[in-house]
Participant: 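Mind looking over this structure? Questions follow.
As the structure lists them, so they are numbered: ligands from 1, and atoms in each ligand from 1. One-based numbering along the sequence shown.
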Amino acid sequence: MNRYLKLDKWNIIEEGFMRENVTPSESIFSIGNGRMGQRANFEEKYSGKTLQGNYIAGVYYPDKTKVGWWKNGYPEYFAKVLNATNWIGINIQVNNTELDLNNSEVSEFKRTLNMREGHLTRSFTAKLSNNNTVKINTQRFLSIVNDDLGAIKYSIKAVDFNGKISVTPYIDADVVNEDSNYDEKFWDPISQYASGYEAIITVKTKKTDFAVTTAMRYEIWKNGKKIELSPLASFREKYAESKVEIDVKKGDELIIYKFAANVSSFNHNENKLEDFAKKELDKALDKHFNTMLEEQKQAWAAKWEESDITIEGDIEAQQAIRFNIFQLNQTYTGEDERLNIGPKGFTGEKYGGSTYWDTEAYCLPFYLATADKHVARNLLLYRYKQLSRAIENAAKLGFNHGAALFPMVTMNGEECHNEWEITFEEIHRNGAIAYAVYNYIRYTNDKEYLQDYGLELLIAISRFWSQRITFSKQYNKYVMLGVTGPNEYENNVDNNWYTNTIACWCMDYTRECINYVKKASHEKYAALIKKIDFNEKNETNLWEKISKNMHFPEHKELGIFLQQDNYLNKEQVLVSNLDIKERPINQKWSWDRILRSCFIKQADTLQGIYLFEENYELDTIKRNFDFYEARTVHESSLSPCVHSILAAKLNKMDKAYEMYLRTSRLDLDDYNNEVGEGLHITSMAGTWMSVVQGFGGLRIYNNKVCLNPRIPNSWEGYSFMIRFRGSLIKVTTHKDRVEVENFGSITVPLVIFDKNLELSGNNKIVINR
Ligand code: BGC
């Protein structure tokens with residue numbers, strides 16, 4: 001744990017320069033616009049420890065998998081989102097001495113991430129080794145109005161000297177991925193060029209052939225006026241710069257405006273990238289920094305209007321929830337169905353920027369409730385478009401007849417994880433992808449999606465489950481052997497309760513959807529049957545039989561479901577018995593010891609109870625919660641939010657709040673001492689869920705918005721916004737009452753504290769507790 005940031009409702013603030021906080025802050029102050037993102041590296045040179053990071057959505061490299069002993073079926077590669085051209089660089093020399101915070105005496109250092117407006121500022125005074133002092137103020141942002149563009153305003157004041165300041169804005173594509181398996185460089189040079197105040201570099205990824213052009217242009221202003229100089233432009237392979245020298249007197253202020261365009265063949269014509277980048281720069285210079293910034297502020301204001309959560313009486317919680325929402329909105333905007341959400345977003349390299357089940361199980365609810373319908377739909381389409389690859393993936397493993405196994409880790413639909421037993425056997429991800437279809441439809445009522453895409457995907461997944469089970473004569477039941485549940489501290493287990501539960505639910509839901517589509521559009525259904533060679537009677541009968549005769553491990557006396565067969569054979573120790581020095585166990589214990597222990601990495605049985613809570617009595621939920629929470633070490637960031645939601649449902653408000661704080665300030669307070677590697681973006685959606693579904697009790701049942709708001713003791717009140725089928729609703733919870741306001745024109749059916757109500761458009765209701 002490392003708490004060094006100031007508490008503030010709308011800003012993340014760092015004061016004072018501490019070298020050990022440079023990499024953590026690079027992650028925390030990251031900025032992004034859905035199309036690209038970057039760590040909060042300094043513009044000027046920094047010779048201390050840093051992780052330089054610029055990432056472009058969708059641009060990846062298939063790095064050859066590293067395994068000790070290769071076996072058939074292992075994925076060929078582990079995909080990596082690429083560290084791309086650094087466009088922020090501006091080297092500064094003051095009377096021939098380099099400005100480098102690592103070698104300077106730094107005072108009045110302050111860095112602010114303005115979440116309300118979407119920009120990053122930094123200011124400090126630095127006394128260089130030649131005793132010259134400069135005062136620096138910088139501001140930069142990645143435009144969400146034009147997602148190809150970024151802009152920097154960098155001001156230098158000569159505090160106590162006369163002489164020369166040289167300024168060298170540059171772009172540098174000679175970058176490496178810190179996580180490269182074989183220390184390979186992933187970019188090939190194509191062209192580089194610099195002239196006057198402009199520089200352009202094009203590079204191409206090895207193997208995947210993504211071309212990326214980065215172009216920069218800059219201006220120098222002195223004491224409020226633009227000045228013309230004679231730039232010295234130069235370039236070499238994958239690098240281009242332009243240098244100017246300016247005479248300054250004590251008190252003078254220089255401002256460098258640097259604009260950059262990053263365009264890639266992922267979404268532009270490869271042969272026209274340079275032209276396009278230049279045109280984008282023309283637009284940027286035309287508008288200039290202040291207008292672009294103004295547009296940025298307005299665009300962020302619009303985002304906040306629909307996604308903000310306010311918390312009264314708890315500034316830590318307020319800052320944290322806004323940080324989580326801000327980072328989610330920076331990572332994914334839903335404008336391109338080929339893009340998805342990597343566990344670290346654009347803030348680091350771990351997990352390779354690939355798509356995991358995190359998207360469906362955690363992120364989807366956030367985007368469903370806070371953005372236009374097409375955003376969540378694009379997340380679903382991403383998987384649908386990869387269905388044929390999922391079918392190939394299953395075929396490679398011996399399944400047939402259109403059975404689909406979606407990858408646990410993917411960029412383009414192919415499996416690309418690097419840990420077989422843990423990751424690969426987590427076939428439960430197929431269930432989360434099916435559940436996402438259900439969640440999307442119950443939320444949006446967009447049943448067309450089911451007819452056009454959803455049903456085909458559900459059938460392919462159900463076919464997989466029906467081939468993946470086997471029949472056990474011993475149990476006289478169907479069983480699912482050799483899987484890994486969400487709890488990755490167990491591998492190759494039999495009958496993981498969660499996996500069996502979601503598999504059966506999926507087969508049942510698919511049958512329900514078949515009945516719907518058949519009635520809603522006979523033609524579409526007939527076309528689908530033909531396309532996928534579907535024998536409705538035989539296949540659905542089999543699914544029904546399996547689902548009715550599946551083995552679900554449980555312990556009747558304890559009244560709990562068992563995480564898997566024989567879970568109780570393990571020595572039963574509670575987390576409360578663990579010495580704090582032993583934690584986190586994944587850093588202190590051997591892997592063998594972890595696998596043998598009963599400790600659970602993340603919600604597993606409870607994940608299933610959370611998804612299907614309407615099927616269980618409150619007492620059953622409570623018994624399972626008490627049993628599993630006591631054994632869960634929460635060493636995945638995805639875990640505390642699910643426990644928080646269930647704890648709130650059980651009215652265990654202290655537990656719910658404890659779990660909420662753990663998830664919401666995980667990165668800001670660096671709970672696991674690893675924030676320098678990047679932020680936990682996907683679990684941020686879990687934080688949002690713990691407020692809205694946990695404390696707010698939001699569920700969508702029977703086409704109604706159901707709310708059951710509770711309030712943590714230390715909060716005076718809180719509010720959240722949700723979109724529902726064309727309306728925008730604000731729910732405000734006070735200690736004594738709940739207010740619901742409908743900003744749309746359509747009547748919204750509500751259930752509040754089990755009471756059925758109708759809330760007409762532009763209206764508000766107040767319910768006393
Ligand atoms: C978790 C997985 C998750 C992955 C990426 C792992 O630590 O156990 O459930 O998908 O991280 O976030």
Side-chain angles (χ1 to χ4, degrees), residues 27 75 78-81 179 324 327-328 331-332 340-364 366 379 383 405-411 415-433 435-436 483-493 496 498-499 502 563 583-587 591 594-595 599-608 610-611 628 631-643 662-663 666-667 671-675 677-689:
S27 300
F78 184 66
K80 284 176 181 158
V81 71
D179 65 348
N324 287 265
Q327 291 295 351
L328 284 163
T331 307
Y332 185 75
N340 210 283
I341 306 150
K344 299 258 163 216
F346 299 118
T347 69
E349 293 167 20
K350 205 173 167 199
Y351 298 110
S354 300
T355 305
Y356 286 65
W357 74 306
D358 305 28
T359 295
E360 286 78 16
Y362 292 84
C363 301
L364 186 75
F366 169 78
L379 282 177
R383 293 292 192 177
L405 176 59
F406 281 90
M408 182 63 181
V409 185
T410 195
M411 274 292 176
E415 179 62 76
C416 64
H417 65 83
N418 63 352
E419 286 176 301
W420 177 261
E421 285 77 6
I422 307 180
T423 314
F424 186 78
E425 288 192 338
E426 287 191 63
I427 55 175
H428 65 80
R429 75 264 188 173
N430 245 10
I433 292 165
Y435 191 89
V483 307
T484 297
N487 168 29
E488 295 180 339
Y489 288 176
E490 300 267 6
N491 297 165
N492 205 44
V493 301
N496 170 254
Y498 171 72
T499 308
I502 204 157
Q563 189 174 268
R583 298 182 65 185
I585 59 172
N586 67 16
Q587 286 171 23
W591 187 234
I594 290 175
L595 291 178
F599 292 121
I600 300 168
K601 180 181 180 187
Q602 67 200 92
D604 188 306
T605 305
L606 294 183
Q607 183 83 25
Y610 155 68
L611 291 183
Y628 286 109
R631 288 158 178 80
T632 305
V633 285
H634 298 295
E635 288 178 12
S636 160
S637 61
L638 299 177
S639 188
C641 58
V642 173
H643 285 234
R662 190 160 167 171
T663 160
L666 176 73
D667 290 323
Y671 270 76
N672 299 337
N673 290 323
E674 32 93 279
V675 75
E677 291 174 0
L679 303 175
H680 298 85
I681 297 292
T682 48
S683 82
M684 291 182 173
T687 305
W688 178 91
M689 293 195 315

Participant: Which protein heavy atom lies closest to atom 7 (O) of ligand 1, and at what distance to 0.1 Å?
Facilitator: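 Protein heavy atom with the smallest distance to atom 7 (O) of ligand 1: K601 NZ, 2.8 Å.
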Participant: So, is T682 polar-close to ligand 1, with some N/O to N/O distance under 3.5 Å?
Facilitator: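 For ligand 1, there is no N or O atom that lies under 3.5 Å from one belonging to T682.
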Participant: Report yes or no: does E677 contribute a side-chain atom to a donor-acceptor pair with the main-chain N or O of E349 at less than 3.5 Å?
Facilitator: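 No, the answer is negative, given that no donor and acceptor are paired below the 3.5 Å cut-off.
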Participant: Around atom 10 (O) of ligand 1, find the nearest protein heavy atom and jot down its residue, atom name and distance.
Facilitator: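 Of every protein heavy atom, D358 OD1, 2.7 Å lies nearest to atom 10 (O) of ligand 1.
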Participant: Suppose we measure from atom 8 (O) of ligand 1 to each protein heavy atom; which comes out shortest, and what is that distance?
Facilitator: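 Checked against all protein heavy atoms, atom 8 (O) of ligand 1 sits closest to Q602 OE1, 2.5 Å.
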Participant: Which residue supplies the protein heavy atom nearest to atom 2 (C) of ligand 1, what is that atom called, and how far is it?
Facilitator: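 Of the protein heavy atoms, E488 OE2, 3.7 Å lies nearest.
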Participant: Can you find a side-chain donor-acceptor pair between T663 and T687 that sits under 3.5 Å?
Facilitator: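 Indeed, the side chains of T663 and T687 share at least one donor-acceptor pair under 3.5 Å.
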Participant: Under a 4.5 Å cut-off applied to non-hydrogen side-chain atoms, are L679 and K344 in contact?
Facilitator: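 Side-chain contact under 4.5 Å: no.
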Participant: Using heavy atoms and a threshold below 4.0 Å, how should the contact between H680 and ligand 1 be classified: side chain, backbone, both, or neither?
Facilitator: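 Neither part.
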Participant: Quick one: are H634 and Q602 in side-chain contact, heavy atoms under 4.5 Å?
Facilitator: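 No, every pair of side-chain atoms sits at 4.5 Å or beyond.
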Participant: Within a distance under 4.0 Å of any heavy atom of W357, pick out the atoms of ligand 1 and give their elements.
Facilitator: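 Near W357, meaning under 4.0 Å from one of its heavy atoms, ligand 1 has 2 (C), 3 (C), 9 (O), 10 (O).
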Participant: Measure the OG-CD distance between S27 and Q327 for me, rounded to the nearest 0.5 Å.
Facilitator: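 If we round to the nearest 0.5 Å, S27:OG and Q327:CD are 9.5 Å apart.
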Participant: Which one of Y362, Y356, Y351 has a non-hydrogen atom at the shortest distance from atom 11 (O) of ligand 1?
Facilitator: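 Going through Y362, Y356, Y351 one by one, Y351 has the nearest heavy atom to atom 11 (O) of ligand 1.
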Participant: If only side-chain N and O atoms count, and only distance matters, is there a donor-acceptor pair under 3.5 Å linking Y489 with N586?
Facilitator: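 Short answer, yes.
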Participant: What atoms of ligand 1 come closer than 4.0 angstrom to any heavy atom of L638?
Facilitator: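 With L638 as reference, the close atoms of ligand 1 come out as 3 (C), 9 (O).
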Participant: Between the side chains of E425 and T484, does any donor sit under 3.5 Å from an acceptor?
Facilitator: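 A donor-acceptor contact under 3.5 Å links the two side chains.
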Participant: Atoms of ligand 1 less than 4.0 Å from P343 heavy atoms?
Facilitator: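 In order of numbering, the contacting atoms are 5 (C), 12 (O).
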